[in-house]
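Everything numeric here is computed off the predicted structure, so don't read it as measured data. Every chain is numbered from 1 and lettered A, B, ... according to where its sequence line falls, protein lines coming before strand lines. Because only heavy atoms are used, hydrogens play no part in the values below, and waters and symmetry mates are left out as well, while side chains stay in.
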Number of protein chains: 2
Amino acid sequence: MKLSTKSRYGVRALFDLAYNSGSLPTQVQDISRRQDISPRYLEQIFQNLKKAGILTSKRGPKGGYTLARKPEEISIRDILLATEGESLFVDCIVVGDGRRKRKPECGLNGCCVTQTIWSDANNLMTEHFGTVTLKDLCERAQAMGLKREVDNRMMYFI
Amino acid sequence: MKLSTKSRYGVRALFDLAYNSGSLPTQVQDISRRQDISPRYLEQIFQNLKKAGILTSKRGPKGGYTLARKPEEISIRDILLATEGESLFVDCIVVGDGRRKRKPECGLNGCCVTQTIWSDANNLMTEHFGTVTLKDLCERAQAMGLKREVDNRMMYFI
DNA sequence: CTTAAAACCTACTATTTCTGTCAACTAAAT
DNA sequence: ATTTAGTTGACAGAAATAGTAGGTTTTAAG
Ligand code: FES
Ligand code: FES
């Protein structure tokens, strides 16, 4: 099991957005260039993130994407929820509302011993990723000495 | 990201072995029947687990597989290590010996902010899964009231 | 010694998921 | 009106996964 590129790209792109952009919308192509991700593909990912309420978008010239909340209010968990779905590890865990479709998969439902393991692990990861935010990432980046790209659109407003 | 069937089947099969078998070797077909896993596929998985030193085997009639260690000495981590490889989440984490091939994947190596996240998470999971053993699973199973299958080969020895 | 039961090995196929691209469309700014 | 840029859904190639199959080797039992 590996994270899908949707998740990895998603996290990187959102970090990039938090790190390099001000309050102005940022175009997909800029992030794509900086992070070396196919722009078309990134659009798809951003669409998911938008549905998840993590991004907002603005069309037209000078349009682009903006974080829907402050970086410290967006956790890795939020992102993974949008890109991977509710449960890592297995599909058969029943979360929250009982309307979710169940795939028993092994043993009868509720009688599966291994399910408890994956469920525990899932809770642990959820809790952990919930504490790591984009702001933390930005701080790490700064500590590592990563340069921000100067946003040349600011020129017009000086 | 979901666990591969190799991992899920593997854990279930090993649990089955720990729960239902005595010291005698158990055949693939028995486990396959009890756990409803394709016998031919299970053979493949068992080969991996054997290479990883978790199982020992005996050929010929009355042959089969046996746990290489006591159930309390086999952790979920050991199993996942055999079925999933060293790192969950991403491929680019460098573990232990530097001879492992690196796939930078995002940013320059050592300069990737997100890598630290996945690495942390990987460590956390490794630590957690390292504390859960097959014995724990057996205890849970007993608490849940799962029946053991009577091993009818014992009949011959009474 | 023969037979049969089981693990062992290699290769193949089918299915699904992932990754990325394309073209047509819609909204916004000038 | 025109142009820029995001939106959408379909789609195709690649890769990983899941499972199948045939044959070989080892070993216990008769
Ligand atoms: S029912 Fe899902 S792990 Fe067993
Ligand atoms: S280099 Fe692997 S996550 Fe960035």
Side-chain angles (χ1 to χ4, degrees), chain A residues 1-10 12-13 17 21 24-33 35-52 54-66 68 83-85 88-91 103 105-106 153 156, chain B residues 1-10 12-13 17 21 24-33 35-52 54-68 80 83-85 88-91 103 105-106 152-153 156-157:
Chain A
M1 81 165 189
K2 294 289 178 290
L3 285 168
S4 65
T5 54
K6 274 199 161 68
S7 298
R8 299 197 315 272
Y9 290 0
R12 275 166 59 201
L17 205 47
S21 302
L24 289 173
T26 308
Q27 286 82 19
V28 162
Q29 67 176 66
D30 284 333
I31 302 174
S32 155
R33 174 175 42 76
Q35 296 292 330
D36 192 29
I37 300 170
S38 152
R40 299 295 207 143
Y41 193 35
L42 195 53
E43 279 180 10
Q44 275 188 23
I45 299 173
F46 272 15
Q47 183 181 318
N48 292 352
L49 295 173
K50 194 187 164 188
K51 274 180 197 154
I54 296 174
L55 286 176
T56 55
S57 63
K58 193 184 173 192
R59 290 178 161 189
K62 304 262 179 199
Y65 290 91
T66 320
T83 53
E84 296 285 340
L88 315 166
F89 306 113
V90 290
D91 272 334
K103 308 180 191 170
E105 175 133 14
C106 56
R153 288 171 307 175
Y156 300 114
Chain B
M1 88 167 183
K2 293 290 178 288
L3 286 168
S4 65
T5 55
K6 274 200 163 67
S7 298
R8 299 196 318 271
Y9 290 180
R12 276 165 59 200
L17 206 47
S21 301
L24 288 172
T26 308
Q27 288 81 22
V28 162
Q29 67 175 66
D30 284 334
I31 301 173
S32 155
R33 176 175 40 76
Q35 295 291 330
D36 192 31
I37 299 170
S38 152
R40 240 53 205 306
Y41 194 35
L42 194 52
E43 276 184 14
Q44 282 187 18
I45 298 173
F46 272 15
Q47 289 307 309
N48 291 351
L49 295 173
K50 194 189 162 186
K51 274 178 198 152
I54 297 174
L55 286 177
T56 57
S57 63
K58 195 184 173 192
R59 289 179 157 191
K62 303 259 178 206
Y65 289 91
T66 320
L67 294 178
L80 292 186
T83 54
E84 296 284 341
L88 315 166
F89 306 113
V90 291
D91 272 334
K103 306 181 193 170
E105 175 134 11
C106 54
N152 45 19
R153 287 170 309 174
Y156 301 114
F157 299 94

| request: Please test B/I31 against B/Y65 for side-chain contact (heavy atoms from CB on, under 4.5 Å), starting from the C-alpha separation and ending with a verdict. | output: CA-CA 10 Å; B/I31 301 173; B/Y65 289 91; 5.7 Å; no
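- Within the 4.5 Å cutoff, no side-chain heavy atoms of B/R8 are placed close to those of B/K2.
- A straight line from CG of B/L42 to C1' of D/dA21 spans 16 Å, rounded to a whole angstrom.
- Dashed line: the shortest gap from a side-chain N or O of B/S4 to OP1 or OP2 of D/dA16 is not under 4.0 Å.
- Nearest nucleotide to the side chain of B/Q44, out of C/dC8, C/dT10, C/dA6: C/dT10.
- Distance from the side chain of A/P61 is smallest to C/dA28 among D/dG23, C/dA28, C/dG20.
- Among D/dG19, D/dT20, D/dT26, the nucleotide with an atom closest to any side-chain atom of B/T5 is D/dG19.
- When the side-chain nitrogen and oxygen atoms of B/S38 are compared with OP1 and OP2 of D/dA18, none of them lie within a distance under 4.0 Å.
- When atom types are taken as modelled, the side chain of B/S57 and the backbone of B/G64 share no donor-acceptor pair closer than 3.5 angstrom.
- Rounding to whole angstrom units, CD1 of residue B/I37 and P of D/dA18 are separated by 12 Å.
- Rounding to whole angstrom units, CD of residue A/Q47 and P of D/dG9 are separated by 7 Å.
- By the 4.5 Å heavy-atom criterion applied to side chains, A/L88 and B/L88 are not counted as neighbours.
- For the OP1/OP2 pair of D/dG19 and a distance below 4.0 Å, the side-chain nitrogens and oxygens of B/Y9 include at least one atom meeting the criterion.
- Contacts of B/F46 with the nucleic acid, taken as non-hydrogen atoms under 4.0 Å apart, are absent.
- For the OP1/OP2 pair of D/dT17 and a distance below 4.0 Å, the side-chain nitrogens and oxygens of B/K2 include no atom meeting the criterion.
- Closest to the side chain of B/Y41, out of C/dC8, D/dA18, C/dG20, is D/dA18.
- In this structure, B/E43 atom CD and D/dA18 atom P are separated by 18 Å, rounded to whole Å.
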| task | Start with the C-alpha distance between B/L55 and B/L67, add both sets of side-chain angles, then the distance that settles side-chain contact (heavy atoms from CB on, under 4.5 Å), and finish with yes or no. | result | CA-CA 5 Å; B/L55 286 177; B/L67 294 178; 4.0 Å; yes
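- When the side-chain nitrogen and oxygen atoms of A/K6 are compared with OP1 and OP2 of C/dT17, none of them lie within a distance under 4.0 Å.
- Rounded to whole angstrom, the span from the NZ atom of B/K50 across to the C1' atom of C/dA7 amounts to 8 Å.
- Atom pair B/K51:NZ and C/dA7:C1' shows a separation of 13 Å (rounding to whole Å applied).
- Among D/dG23, D/dA29, C/dT21, the nucleotide with an atom closest to any side-chain atom of A/R40 is C/dT21.
- A/M1 has its CE atom 17 Å from the P atom of C/dT17, to the nearest Å.
- The distance between atom NZ of A/K58 and atom C1' of C/dA29, rounded to the nearest whole Å, is 9 Å.
- When distances run from any side-chain atom of B/Q27 to the nucleotides C/dC8, D/dG19, C/dA6, the shortest one goes to C/dA6.
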